[in-house]
There are 2 protein chains.
Amino acid sequence: MENLLRYIHSLTGFSPGNWRALEPALTTIVFSKDEYLLQAGKVCDALFFVSSGYCRAFYNKDGQDINTAFFFENDIATNINSLATGEKSDFSIQASEPLTAIRFDIKKLREVSLLDPAIEALGRKCLQQIAAKQEKHAAMFKLMSPQERYEFLEEHDPGLLQRVSLTQLSSYLGVARETLSRIRSRR
Amino acid sequence: MENLLRYIHSLTGFSPGNWRALEPALTTIVFSKDEYLLQAGKVCDALFFVSSGYCRAFYNKDGQDINTAFFFENDIATNINSLATGEKSDFSIQASEPLTAIRFDIKKLREVSLLDPAIEALGRKCLQQIAAKQEKHAAMFKLMSPQERYEFLEEHDPGLLQRVSLTQLSSYLGVARETLSRIRSRR
DNA sequence: CACTGTTTGTGACGATTGTCACAGGTTAAA
DNA sequence: TTTAACCTGTGACAATCGTCACAAACAGTG
């Protein structure tokens with residue numbers, strides 16, 4: 001909970017009153033490894049602030065998992081598309097280790113946003129962060145070769161490389177597991 | 001201008017009063033082919049609603065252009081990252097044909113947002129749309145081969161294929177110009 | 001410690017792609 | 001019409017990557 005407060009303060013000004021208004025929209029949830037925060041085919045109705053542990057977002061293509069994102073401590077995990085449009089999610093979010101998250105119920109969040117501009121502002125900042133993250137990630141694929149993408153992560157997100165297994169990482173980088181193993185071995 | 005009104009109404013409710021409040025933030029700008037809407041290295045301080053013509057977003061990597069997005073009529077072109085953080089843009093946006101755009105000045109937009117919740121809501125919806133677009137585009141790269149990406153565009157965005165030249169399109173799909181030429185010829 | 005299941009490393013081979021070089025087309029201006 | 005600049009198609013060849021197969025390393029369990 002202290003992490004969440006720090007996170008919120010890093011984004012926007014927030015008074016004790018704002019906090020009291022926000023609180024009814026929040027629930028702390030503990031997930032065991034492999035439990036789902038969001039299942040493909042269901043409508044996404046919440047954001048999750050990761051307190052401890054981490055989770056992954058993945059598509060299932062022809063029976064194979066393809067990871068598109070990892071969310072660690074102080075990240076917000078959700079499906080913006082599904083959240084905004086009410087359409088079914090086409091990917092899942094699943095705990096990769098035991099995970100504690102603070103769930104933001106979107107319905108309640110919208111209610112309190114109408115009453116409190118600071119909460120409204122918080123929501124917008126979150127959106128911006130998520131959009132910015134997507135933009136950077138998409139650019140990585142267009143600008144770099146598989147090896148360069150790996151080196152980019154080494155420099156900009158070494159924590160991710162340490163925590164995510166090779167198998168999980170390979171689809172995230174868009175290469176075969178074997179190729180990633182060889183990229184690693186030749187350095 | 002009518003296009004912009006239609007676009008706004010498709011996103012959120014808007015009264016004549018809201019429109020009057022928004023108008024001071026807007027300017028109509030005509031760009032000739034190859035003029036810049038945003039230059040890499042400068043801070044992005046506006047959003048552009050494309051009225052007619054189209055433009056491209058591109059990175060320059062080792063002297064070569066790599067296109068990351070195309071914006072057509074009724075699209076919003078901007079750099080979310082630079083807009084939100086005030087950092088310099090690491091890509092440019094340039095008119096690919098003569099282009100008319102409505103410029104949303106971000107400074108003025110923020111001012112009127114504070115006064116009018118409907119404008120605030122509009123801004124948030126735009127953000128959502130942009131984030132959603134990014135998410136889909138990034139997924140395309142992880143889930144598909146070059147040929148599949150081309151076929152995906154044929155199905156979901158045929159207009160883009162008709163208007164963008166092969167050379168411009170190739171970097172957008174992440175393949176060499178020659179490879180794209182061959183993908184086209186073998187169908 | 002042995003057993004089992006999972007993850008990682010590696011070799012061989014074929015398929016795809018990038019690069020280089022050049023030819024044919026198209027467009028626009030002189 | 002001619003010229004020049006640009007875009008597109010194509011062949012040859014090398015580099016990279018994916019796939020398949022299997023061995024080695026590791027983790028958890030009884």
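Naming: A, B, ... by sequence-line order, numbering from 1 per chain.
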query: If the sugar-phosphate is the primed atoms plus P, OP1 and OP2 and the base is the rest, what is the B/S/- string for nucleotides 20-30 of chain D, using protein heavy atoms under 4.0 Å?
result: BB---------

message: For chain B and DNA chain C, what are the first and last nucleotides along the strand, 5' to 3', with at least one atom under 4.0 angstrom from a heavy atom of the protein chain?
response: C:dT17 to C:dA21

field: Rounded distance (Å) that lies between atom P of D:dG18 and atom CD of B:Q147
entry: 16 Å

task: Using a 4.5 Å cut-off on heavy atoms from C-beta on, say whether the side chain of A:F91 contacts that of A:N79.
output: yes

message: Whether the side chain of B:T85 engages the backbone of B:N81 through a donor-acceptor N/O pair (distance < 3.5 Å, no angle test) should be reported.
response: yes

- request: Using atom types as modelled and distance alone, determine if a side-chain donor or acceptor of B:K142 lies under 3.5 Å from a backbone N or O of A:G174.
  value: no

message: Using a 3.5 Å distance criterion without hydrogens, assess whether the side chain of B:E73 forms a donor-acceptor pair with backbone atoms of B:G53.
response: yes

query: For B:R177, which residues count as a side-chain contact (heavy atoms from CB on, under 4.5 Å) partner, sequence neighbours excluded?
result: B:L166, B:T167, B:S170

message: Just to verify, which of A:K108, A:R110, A:R103 counts as forming a salt bridge (charged side-chain N to carboxylate O under 4.0 Å, His left out) with A:D45?
response: A:R103

- prompt: Starting at CG of B:L169 and ending at P of D:dG9, how long is that distance when rounded to a whole Å?
  reply: 12 Å

- request: Using atom types as modelled and distance alone, determine if a side-chain donor or acceptor of B:S82 lies under 3.5 Å from a backbone N or O of B:C44.
  value: yes

message: With a 4.0 Å cutoff (strictly under), does any side-chain N or O of A:T179 reach OP1 or OP2 of D:dG18?
response: yes

task: Nearest whole angstrom, please: distance from the P of D:dT10 to the CZ of B:R184.
output: 13 Å

Under 3.5 Å: donor-acceptor pair, side chain of B:T100, backbone of B:T28: no

message: Output the rounded distance in Å from CZ (A:R186) to P (D:dT16).
response: 7 Å

query: When the nearest nucleotide of DNA chain D is assigned to B:T167 and to A:P146 on a heavy-atom basis, which residue is associated with the more 5' position?
result: B:T167

- prompt: To the nearest angstrom, how far is A:L180 atom CG from D:dC17 atom P?
  reply: 11 Å

task: Could you label the plane-to-plane angle of the B:H9 and B:F14 rings as parallel, tilted or perpendicular, counting under 30° as parallel and over 60° as perpendicular?
output: perpendicular

Rounded interatomic separation in angstrom, taking CD1 from A:I183 and P from D:dC17: 6 Å

